[in-house]
Amino acid sequence: MAKHNKPRRFYDYSLLFCIIFLTAFGLVMIYSASSYTAQLKFDNASYFMMRQLKIAALGLGAAIVISKLDYHWYARFAVLAYLLSYVLMIAVSIFGKDINGKKRWLKLGPVSFQPTEFVKIALIVLLAAVITQMGKKINSWKNMAVIMALAVPIAGIVAANNLSSGIIIVGIAFVMLFVATKKQWPFYLCGVAALGVVATAGPLATALEKIGLLKPYQLSRIHVWLDPEAYPMDGGYQVLQGLYAIGSGGLVGKGLGESIQKMGFVPEAQNDMIFSIICEELGLFGAVSVILIFLFMIYRFMLIANNAPDLFGSLLVVGVMAHIAIQVILNIAVVTNTIPNTGITLPFISYGGTSVLFLMMEMGMVLSVSNQIKLEK
């Protein structure tokens, strides 16, 4: 009997390897950045690393299971997940755990998590489903406004306690809409406006604080960003210590585990500021290598999105790509004091159980789309 040319399914092992590598590298850097603090606080140098390892292993297992599912199945729960995200955000604002004056953590029985991470994944699925349903009608101003109307209110609720996540949520919707529509000029106009806001950040922030749109602590962050040396023992302390770490790393760094700034100088070095420890220990070479790996990951996302079987799959991947890209850019920009400190983690590398778990679920969705791509023999 003659063999039929049955199409075989593609599975992006390059992306899977990239995810595993970044997670493993993150575990090494978490141990290096947190061992001193963990030994002092918990009498266990590997405390933070072991916690992250357990959640990362669970997340990777979930990602592989999700990657074997048909991604069209997610669309059935898009509206329910979106409504649940509102419920969770309202719940966290009422019952959330208060840490440093902000309610970001919600405790459900023995488990504590950040609902903002669920909001991101729920919004990606919903917008992909809605844009796919609209088809070519997405090019009308009315339907473009509908997409932003789905994203902006939930982003506003998130931004009340977590400005950086609010920015990411709006950014995800912005990128997905940019890819889906033929009208490009409004997006470029928004980009120019954003640059204008950055250029006039000081006086603009003061004006917004006077009319109550900015809180005093947010205004102080902008003042610190503009002149961190004027606040060396207050808001500018973390920024300056991070910059010292970056500057002292040089070309090849001091060597893995040899950071001085992690010895209590950079607060929470294993979290938002871990990129500064990478720069100190591995130098410019290490920092550029990490950025290149993220760029390779973005390239794989683009490849999968371009070859996805349908628009829904393509938009799912674009949404996840936007999330990762925006978060990486914001984290590195904060650490290098290019933008004000917004408290945001570096994907797969920073310590944070909720973040890595939901990121792994997003990776599972992307791999699920890749697994539906058919290769002709």
Going by atom types alone, do [X] and [Y] pair a side-chain donor with an acceptor below 3.5 Å?
| X | Y | answer |
| --- | --- | --- |
| Tyr71 | Asp310 | yes |
| Asn371 | Ser368 | no |
| Glu280 | Ser259 | yes |
| Gln114 | Ser355 | no |
| Thr345 | Gln327 | yes |
| Gln241 | Gln261 | yes |

Does [X] use its side chain to pair, donor to acceptor, with the backbone of [Y] at less than 3.5 Å?
| X | Y | answer |
| --- | --- | --- |
| Asn307 | Ile304 | no |
| Ser67 | Ile64 | yes |
| Tyr82 | Val119 | no |
| Asn331 | Ile344 | yes |
| Asn139 | Thr181 | no |
| Asn162 | Val158 | no |

Relative to each other, are the rings of Tyr299 and Phe296 parallel, tilted or perpendicular (30° and 60° limits)?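 Rings of Tyr299 and Phe296: tilted, as their planes differ by 30° to 60°.
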Ring geometry between Tyr47 and Phe42 (parallel below 30°, tilted from 30 to 60°, perpendicular above 60°):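 Parallel: the ring planes of Phe42 and Tyr47 meet at under 30°.
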Is atom NZ of Lys137 surrounded by more than 12 heavy atoms (other residues, nucleotides or ligands) closer than 6.0 Å?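 For Lys137, atom NZ is not crowded (no more than 12 foreign heavy atoms under 6.0 Å).
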With sequence neighbours excluded, residues passing salt bridge (charged side-chain N to carboxylate O under 4.0 Å, His left out) with Glu362: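 Per chain and number, Glu362 pairs via salt bridge (charged side-chain N to carboxylate O under 4.0 Å, His left out) with no residue.
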As an exercise, state the distance from [atom1] of [X] to [atom2] of [Y], rounded to the nearest 0.5 Å.
| X | Y | atom1 | atom2 | answer |
| --- | --- | --- | --- | --- |
| Gln39 | Thr37 | CD | OG1 | 10.5 Å |
| Tyr86 | Ile154 | OH | CD1 | 5.0 Å |
| Tyr351 | Asn271 | OH | CG | 8.0 Å |

Student check: side-chain heavy atoms of Ile260 and Lys254 closer than 4.5 Å: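 With C-beta onward as the side chain, the pair touches.
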Hydrophobic clustering (ILVMFWY, side-chain heavy atoms < 4.5 Å, transitive) - are Trp73 and Tyr11 grouped together?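 Yes, Tyr11 and Trp73 fall within the same hydrophobic cluster.
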Aromatic Tyr36 / basic Lys41 pairing, under 6.0 angstrom, 45° off normal: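 Because its charged atom misses either the 6.0 Å distance or the 45° angle limit, Lys41 does not stack over Tyr36.
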Can you check side chain to side chain contact (heavy atoms under 4.5 Å, CB included) on Ile277 and Cys279, steps first, answer last? CA-CA 5 Å; Ile277 307 301; Cys279 292; over 6 Å; no
